[in-house]
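In this text, all values refer to a predicted model and were calculated from it rather than measured experimentally.
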Amino acid sequence: DVKRTGGKIQAANDRVRGNTFQATILGVDNNWNFVTIGAGVNSGLTGDSTLLVQRGGRLLGKLSVQKLEANMAIADIVPGSLSVGVVLQPGDQVILEKVRSN
């Protein structure tokens, strides 16, 4: 019982640590509306991750992860999510939209 409980506590702690996820956009293709992110599976991203893009603490839009590698991801810009006149740039920061619960 103690071993099982310890495993549950460790899993919960891992999920909480995953909520501190932050990465940087490495490249942007505005013609095809996707970005390359400098984080992947090894950073805790999953195929169903939705990310928020921010610059200077200001929310710019949302991304939907499409392809994952160990240390890189490709994400589509969610249609209609960018603020008017905003163009994503390399160096913009991404965070998880939804935190993982225990």
Pairs in or reaching into residues 32-50: which pass salt bridge (Lys or Arg N to Asp or Glu O under 4.0 Å), with residues at least two apart or in two chains? none

Looking only at heavy atoms, which two atoms of Gly27 and Pro90 are closest? And how far apart? CA-CG, 4.3 Å

Show the nearest heavy-atom pair for residues Gly91 and Thr24, with the distance to one decimal. CA-CG2, 3.6 Å

Applying side-chain contact (heavy atoms from CB on, under 4.5 Å), name anything that partners Asn71, two or more places apart in sequence or on another chain. Asn42

Under 4.5 Å between side-chain heavy atoms, chaining through other members, with only Ile, Leu, Val, Met, Phe, Trp and Tyr counted: pull out the rest of the cluster around Phe34, sorted by chain and number. Trp32, Ile74

With hydrophobic residues grouped by side-chain heavy-atom distances under 4.5 Å, do Val94 and Leu26 end up in a single group? no

Spatial distance of atom CG (Leu45) from atom CD (Glu69) [nearest 0.5 Å]: 12.0 Å

Stepwise, does the side chain to side chain contact (heavy atoms under 4.5 Å, CB included) test hold for Ser49 with Leu96? CA-CA 7 Å; Ser49 296; Leu96 289 173; 4.3 Å; yes

Residue pairs meeting side chain to side chain donor-acceptor pair (under 3.5 Å), one or both in residues 53-65, sequence neighbours left out, come to Arg55-Asp92, Lys62-Glu97, Ser64-Gln66

Apply side chain to side chain contact (heavy atoms under 4.5 Å, CB included) to Val65 and Thr46, showing your working. CA-CA 8 Å; Val65 174; Thr46 63; over 6 Å; no

For Val78, the other hydrophobic cluster members (4.5 Å side-chain criterion, sorted by chain and number) are none

Asn33: partners by side chain to side chain donor-acceptor pair (under 3.5 Å), with sequence neighbours left out: none

Quick check: closest heavy atoms across Leu88 and Asn30, and the distance to 0.1 Å? O-ND2, 4.3 Å

Atom OG1 of Thr50 and atom CG of Asp76: how far apart are they, to the nearest 0.5 Å? 11.0 Å

Scanning both residues in full, the closest heavy-atom pair of Leu68 with Ala73 reads CD2-CB, 3.8 Å

Let me confirm one number: the NZ-CD1 distance from Lys67 to Ile37, rounded to the nearest 0.5 Å. 13.5 Å

Check for me, please, whether Phe21 and Ile25 land in the same ILVMFWY cluster - side-chain distances under 4.5 Å, paths through other members count. yes

Partner set under side chain to side chain donor-acceptor pair (under 3.5 Å) for Thr36, not counting sequence neighbours: none

To check you understand the geometry: which heavy-atom pair defines the closest contact between Leu63 and Ala75, and what is its length? CB-CB, 3.8 Å

Hydrophobic cluster mates of Leu52, side-chain heavy atoms under 4.5 angstrom, ILVMFWY only, any path? Leu59, Ile95

